[in-house]
Amino acid sequence: MAIDEKTVQRVAHLARLALPADRLAPMAQEISGILAWIEQLQEVDVKNVAPMTSAVAGFALPLREDVVTEGANAAAILVNAPKAEHGFFVVPKVVE
Amino acid sequence: MSDLTALTLAAALDGMEKKRVSSLELTQAFLRAIEAANPHLNAFVTVTAERACAMAKASDARRAKKGRVPLPLDGAPLGIKDLFCTEGVRSTAGSRILGNFIPPYESSVTQQLWRDGAVMLGKLNMDEFAMGSSNETSAFGPVSSPWRKPGSNASLTPGGSSGGSAAAVAADLCLGATATDTGGSIRQPAAFTGTVGIKPTYGRCSRWGIVAFASSLDQAGPIAKTVEDGAILLGSMAGHDPRDSTSLAQAVPDFRKACGRSVKGLKIGVPKEYRVDGMPAEIENLWTQGVAWLQEQGAVIRDISLPHTKYALPAYYIIAPAEASSNLARYDGMRYGLRVEGKDLTQTYEKSRAEGFGAEVQRRILIGAYVLSAGYYDAYYLRAQKVRARIAEDFTTAFAEVDAILTPTAPSAAFALGERSGDPIQMYLNDVFTVTANLAGLPGISVPAALDGAGLPLGLQVIGRALDEETVFACAAAIERAAGFTAKAKPWW
């Protein structure tokens, strides 16, 4: 299925990616090409096939104790923050 | 001991145990080799010389103690793909967005290597977020393969995404390297560089502390000089880790011992669907030769069918981008990574991600966001996961009859840098033989088997049952013995 520039713009916004206007048309073309190639999956009979949800059959997802495993390491957590003050992340103003 | 960097891991460990060479001597030899080669190959993005020497000295001190039990990798200098978080050492995933990221923690796999005595030489270049098959999407520039066509100065790709790992091992810049494989990123670069690459069963190695690309497919493994070296490294990298919920609570077998097993009586499947259009006759012939090598050692050959093979790549290019778009949502410029300020929060997100991610990563995020968006989920993602189930079913059926499957690793030898970067689908087709094992969660290995007419390495792949890496190692070692592949890239750097 071909997708147009408007769709690329919508998806780019969903993905929070700023795409310059002159990239919209080439990106639409590239993605349409890939989606056209992917179309061949329509040939596969998937009636009554359950989607694969585990890469290795026979192993259930384990549960762990509901306890704190880490914490009280704010300094380590903040060490790579672009902006941090007084033990907190500093982010742009969200609420007007 | 002469020419220390040319040693295999097994020989170097033996040399250190017998006091013929120290870890510091080995480490310094590799650091000199890196210094000479890296301006030309660009295999390392970070060299940790000081740390390497300190770790080597500590290892030599351990080995000097009386009555000690030697650690499995004590003193062995290794390279680490820059997708593995290493405490206090920049870990970039080949991306601008993590260009200054210094993890305050260590990945489980690398932690196990240090536990076993290994020495870290540095961090290895890779395609950005492991998305690529040629190492050309790295924010730190492409890696050049140590291999060139005789008489040519053209730079070839070492493959990708673990191109730095493969190039470093092939050029004798380390004894072995860690790598990761989401669609073929260990096995294809190994094939392109005449090295051995193993992707174990999904869940064999912990993903904790490895920067995530597509979580249901990502798996760590080694790139090494020999099958035995690969087995030694995987023995240290593998093992259950409660911090990764998909890590399998299974004991780690003695992979090294498995390399010595006979293949006599093993049933080897040859899947007809891996005969693809346009595959060079040399690869087809090598495959036939590989079959003969195993047969001569007593294996029984069976023609098999894996009917959904051709749908593996298209299914992968829904599943992997979908998981990537979700995994990469964490790069928002708030907690770590690049932040580019905009007029408000949304614009800050959008600008940070636009400047932080390269073109291929952006393309995959957009495809992923599209196939997961409202109204398209069933048509794309859900269908792809059903096709994936059929691909896995193909293998289950085949493995009722055979013990392992033999295929070529890649449909071509290494190509020139720039030759395929303009056409994403052409690039994706590199992974046509490797991606099926990722989708089905199975172990696969690439073994160098011959040089093609142009003098470039070609690899054969062995795929095994889930958790049966031992049979995979046995078959790979049998191919290695028969092939007698000793060719090395001629240093031009």
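Order of the sequence lines fixes the chain letters, A, B, ..., with proteins taken first and strands second; residue numbering starts at 1 for each chain.
Taking chain B as the reference chain and counting heavy-atom pairs below 4.5 Å, the highest number among A:Ala12, A:Ala55, A:Gly33, A:Ala84 is found for A:Ala55. Among the candidates B:Pro242, B:Pro314, B:Ser216, B:Ala466, the residue making the largest number of heavy-atom pairs closer than 4.5 Å to chain A is B:Pro314. Ranked by heavy-atom pairs shorter than 4.5 Å toward chain A, the options B:Ser373, B:Ala249, B:Ala315 are led by B:Ala315. Contacts with chain A were tallied for B:Lys351, B:Lys310, B:Glu355, B:Met334; B:Met334 has the most, counting heavy-atom pairs under 4.5 Å. Annotation: maximal heavy-atom pairing with chain A below 4.5 Å, among B:Arg243, B:His308, B:Arg353, occurs at B:Arg353.
Interatomic distance, CZ of B:Arg363 versus CD1 of A:Ile31, reported as 8.5 Å (0.5 Å rounding). We find the OG1-NZ distance between B:Thr348 and A:Lys93 to be 13.5 Å, quoted to the nearest 0.5 Å. Taken from OH in B:Tyr428 to CD1 in A:Ile34, the straight-line distance is 4.0 Å, to the nearest 0.5 Å. Distance check, rounded to the nearest 0.5 Å: OG1 of A:Thr7 to OH of B:Tyr370 gives 6.5 Å. With values rounded to the nearest 0.5 angstrom, A:Leu14 atom CG is found 12.5 Å from B:Ile365 atom CD1. Atoms CD1 and CG, on B:Ile318 and A:Leu41 in that order, are 5.0 Å from each other to the nearest 0.5 Å.
Contact annotation for residues 319-330 of chain B against chain A (heavy-atom separation below 4.5 Å): no residues qualify. Annotation: residues 388-397 of chain B contacts chain A through B:Arg388, B:Ala389, B:Arg390, B:Ala392 [non-hydrogen atoms, separation under 4.5 Å].
Proximity of B:Leu439 to A:Met52: side-chain heavy atoms (C-beta onward) are nowhere separated by under 4.5 Å. Side chains of A:Asn80 and B:Pro104 form a contact here, defined as non-hydrogen atoms less than 4.5 Å apart.
For A:Ala50, the part sitting under 4.5 Å from any heavy atom of chain B is the backbone (N, CA, C, O) and nothing else. At a 4.5 Å heavy-atom cutoff, the contact between B:Ile102 and chain A is made by backbone and side-chain atoms alike. No part of B:Tyr105 comes within reach of chain A, as not one of its non-hydrogen atoms sits under 4.5 angstrom from that chain. Both the backbone and the side chain of A:Leu17 come within less than 4.5 Å of a heavy atom of chain B. Of the atoms belonging to A:Arg10, it is side-chain heavy atoms, and not backbone ones, that fall under 4.5 Å from chain B. Of the two parts of A:Thr69, neither the backbone nor the side chain holds a non-hydrogen atom closer than 4.5 Å to a non-hydrogen atom of chain B. Of the two parts of B:Phe357, only the side chain, counted from C-beta on, holds a non-hydrogen atom closer than 4.5 Å to a non-hydrogen atom of chain A. Looking at B:Thr201, only its side chain comes within 4.5 Å of chain A, counting heavy atoms on both sides. Contacts of A:Asp45 with chain B are made by both backbone and side-chain atoms, with heavy-atom separations under 4.5 Å. The parts of A:Gln40 that come within reach of chain B are both its backbone and its side chain, each placing non-hydrogen atoms under 4.5 angstrom from that chain. With a 4.5 angstrom heavy-atom cutoff, A:Val46 touches chain B via backbone and side-chain atoms both. Interface remark: A:Leu63 contributes no atoms to any contact with chain B (heavy atom separation under 4.5 Å). Looking at B:Asn100, the atoms closer than 4.5 Å to chain A (heavy atoms on both sides) all sit in the backbone: N, CA, C or O. Contact of B:Leu217 with chain A is not made at all, since no heavy-atom distance falls under 4.5 Å. Interface remark: B:Gln219 contributes no atoms to any contact with chain A (heavy atom separation under 4.5 Å). Proximity to chain B is limited to the side chain of A:Val79, based on heavy atoms less than 4.5 angstrom apart.
Minimum heavy-atom separation, A:Glu39 to B:Tyr380: OE2-OH, 3.9 Å. Shortest non-hydrogen contact noted between B:Gly337 and A:Pro82 is O-CG, 3.4 Å. A pairwise comparison of heavy atoms in A:Val56 and B:Gly441 identifies CG2-O, 4.1 Å as the closest pair.
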Exercise for review: Show your working on salt bridge (Lys or Arg N to Asp or Glu O under 4.0 Å) between A:Lys83 and B:Glu341 and close with a plain yes or no.
Suggested key: CA-CA 11 Å; A:Lys83 272 191 190 172; B:Glu341 301 285 353; 3.5 Å; yes
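Environment of CZ in A:Phe88: sparse, with no more than 12 heavy atoms of neighbouring residues, nucleotides or ligands closer than 6.0 Å. In the displayed structure, A:Glu43 atom CD is contacted under 6.0 Å by more than 12 heavy atoms of other residues, nucleotides or ligands.
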